[in-house]
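First the proteins, then the strands, lettered A, B, ... as listed; each starts at 1.
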Protein chains: 2
Amino acid sequence: MEADKLKDEIFIQNCPIRNILSRISDKWSILTIFTLEQIPVMRFGELQRTIPDISQKMLTVTLRTLEQDGIVKRQVYAQIPPKVEYSLTPRGLSLLPHLNSLIYWAKDQMDSIMKDRKRNESKD
Amino acid sequence: MEADKLKDEIFIQNCPIRNILSRISDKWSILTIFTLEQIPVMRFGELQRTIPDISQKMLTVTLRTLEQDGIVKRQVYAQIPPKVEYSLTPRGLSLLPHLNSLIYWAKDQMDSIMKDRKRNESKD
DNA sequence: CAGCATCCGTCAGGATACTG
DNA sequence: CAGTATCCTGACGGATGCTG
């Protein structure tokens with residue numbers, strides 16, 4: 001097991017693992033990746049309409065970040081009006097199972113977590 | 001497959017799944033959980049020393065949040081000076097494999113992601 | 001030792017307006 | 001259509017001081 005090595009790395013300030021995690025575990029990133037899993041190729045406006053409460057700015061920022069990290073592919077068609085299509089890259093696809101296992105864990109635990117929260121509220 | 005149902009749920013505003021994800025995928029939460037995996041029982045000061053750049057305030061807030069969600073257990077010993085021990089609950093332990101698979105994915109992709117970022121920088 | 005309370009700076013991120 | 005640019009506000013989170 002290389003857990004000890006990982007242990008060393010992850011506690012470094014500006015640790016690249018933490019950096020990457022923070023970018024994919026971001027609120028909008030998860031939702032964007034999840035959306036592109038459901039509909040593999042989407043245009044900008046389509047994404048914005050599908051993710052109800054995302055602002056245009058945050059969708060742009062999120063897509064740019066995911067593109068920089070090679071998780072999302074941006075396909076531009078040189079035409080008027082412009083057409084840009086987004087999809088997951090192979091790396092993005094390889095991320096899906098891990099992200100999904102986390103999402104399904106959250107879904108499974110959801111009800112009992114909510115109960116625990118309420119219990120703690122009334123405890124005070 | 002219940003993917004369609006999940007699809008509906010996750011796009012709701014204030015979706016509980018998203019809420020839970022945002023709390024566990026938080027920068028300090030991941031690090032705290034990961035630390036408690038390495039050393040299963042730790043005192044407050046011990047945690048603070050192990051996670052190098054966490055402030056006292058953020059460690060407190062993070063531990064309280066994780067406690068509310070039943071991921072971390074807080075054991076108080078009624079003595080002077082105070083002694084408080086933190087550990088993962090069964091739910092916290094059940095979260096570990098999913099979190100770890102994400103961490104290891106990030107570790108595997110780290111090098112090539114960093115290269116992709118630099119490539120995009122020079123592209124502009 | 002293990003916090004809580006307070007103050008305060010920074011910046012994520014929303015709203016709005018404009019463009020190729 | 002798919003953005004960019006600008007302004008602005010509130011929340012995150014650090015620093016400091018105090019307490020059981």
Can you check the [X] [atom1] to [N] [atom2] distance for me, whole Å?
X       : N      : atom1 : atom2 : result
B/Gln48 : C/dA2  : CD    : C1'   : 10 Å
A/Asp26 : C/dG13 : CG    : P     : 6 Å
B/Ile51 : D/dG13 : CD1   : P     : 14 Å
B/Ile54 : D/dC12 : CD1   : C1'   : 13 Å
B/Phe44 : D/dT19 : CZ    : P     : 19 Å
B/Ile80 : C/dG3  : CD1   : P     : 13 Å
A/Tyr77 : D/dA2  : OH    : P     : 12 Å
B/Glu85 : C/dC1  : CD    : P     : 15 Å

If you assign each of A/Pro81 and A/Ser55 to its closest nucleotide in DNA chain C, which residue comes earlier from the 5' end?
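The residue whose closest nucleotide sits nearer the 5' end is A/Ser55.
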
Verify, without hydrogens or angle tests, whether B/Arg117 (side chain) and A/Asp69 (backbone) share a donor-acceptor contact under 3.5 angstrom.
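Answer holds: no.
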
Under 4.0 Å between any heavy atoms, over every strand shown, what does A/Tyr86 touch: base, sugar-phosphate, or nothing? Just pick one.
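The answer is sugar-phosphate, as A/Tyr86 gets under 4.0 Å only of primed atoms, P, OP1 or OP2.
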
Test log, rule salt bridge (charged side-chain N to carboxylate O under 4.0 Å, His left out), inputs B/Lys5 and B/Asp8
CA-CA 5 Å; B/Lys5 189 132 179 292; B/Asp8 290 340; over 6 Å; no

Start with the C-alpha distance between B/Gln68 and A/Asp116, add both sets of side-chain angles, then the distance that settles side-chain contact (heavy atoms from CB on, under 4.5 Å), and finish with yes or no.
CA-CA 6 Å; B/Gln68 274 177 38; A/Asp116 281 3; over 6 Å; no

Between protein and nucleotides 4-12 of chain C, map the contacts as a letter string: B base, S sugar-phosphate only, - none, heavy atoms under 4.0 Å, written 5' to 3'.
B--------

Counting just side-chain N and O atoms, does B/Arg43 come under 4.0 Å of either OP1 or OP2 of C/dC1?
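Indeed not, no polar side-chain atom of B/Arg43 lies that close.
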
Carboxylate-amine/guanidinium proximity below 4.0 Å for B/Arg23 and B/Asp26:
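No, no charged N to carboxylate O under 4.0 Å.
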
Of the nucleotides D/dC1, D/dG14, C/dA2, which has the atom closest to the B/Trp28 side chain?
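The closest nucleotide is D/dG14.
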
Membership question, hydrophobic clusters at under 4.5 Å side-chain separation (ILVMFWY): are A/Ile39 and A/Leu93 in the same one?
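Same cluster: A/Leu93 reaches A/Ile39 through Ile, Leu, Val, Met, Phe, Trp or Tyr contacts under 4.5 Å.
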
Check residues 73-81 of chain A and write down every donor-acceptor pair under 3.5 Å in which the side-chain atom is one partner and the other belongs to a residue at least two apart or another chain.
from    : atom 1 : to      : atom 2 : distance (Å)
A/Arg74 : NE     : A/Tyr86 : OH     : 3.1
A/Tyr77 : OH     : A/Glu85 : OE1    : 2.9

Does atom NZ (B/Lys83) have a neighbourhood of more than 12 heavy atoms from anything else shown, all under 6.0 Å?
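It does: B/Lys83 NZ has more than 12 such atoms within range.
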
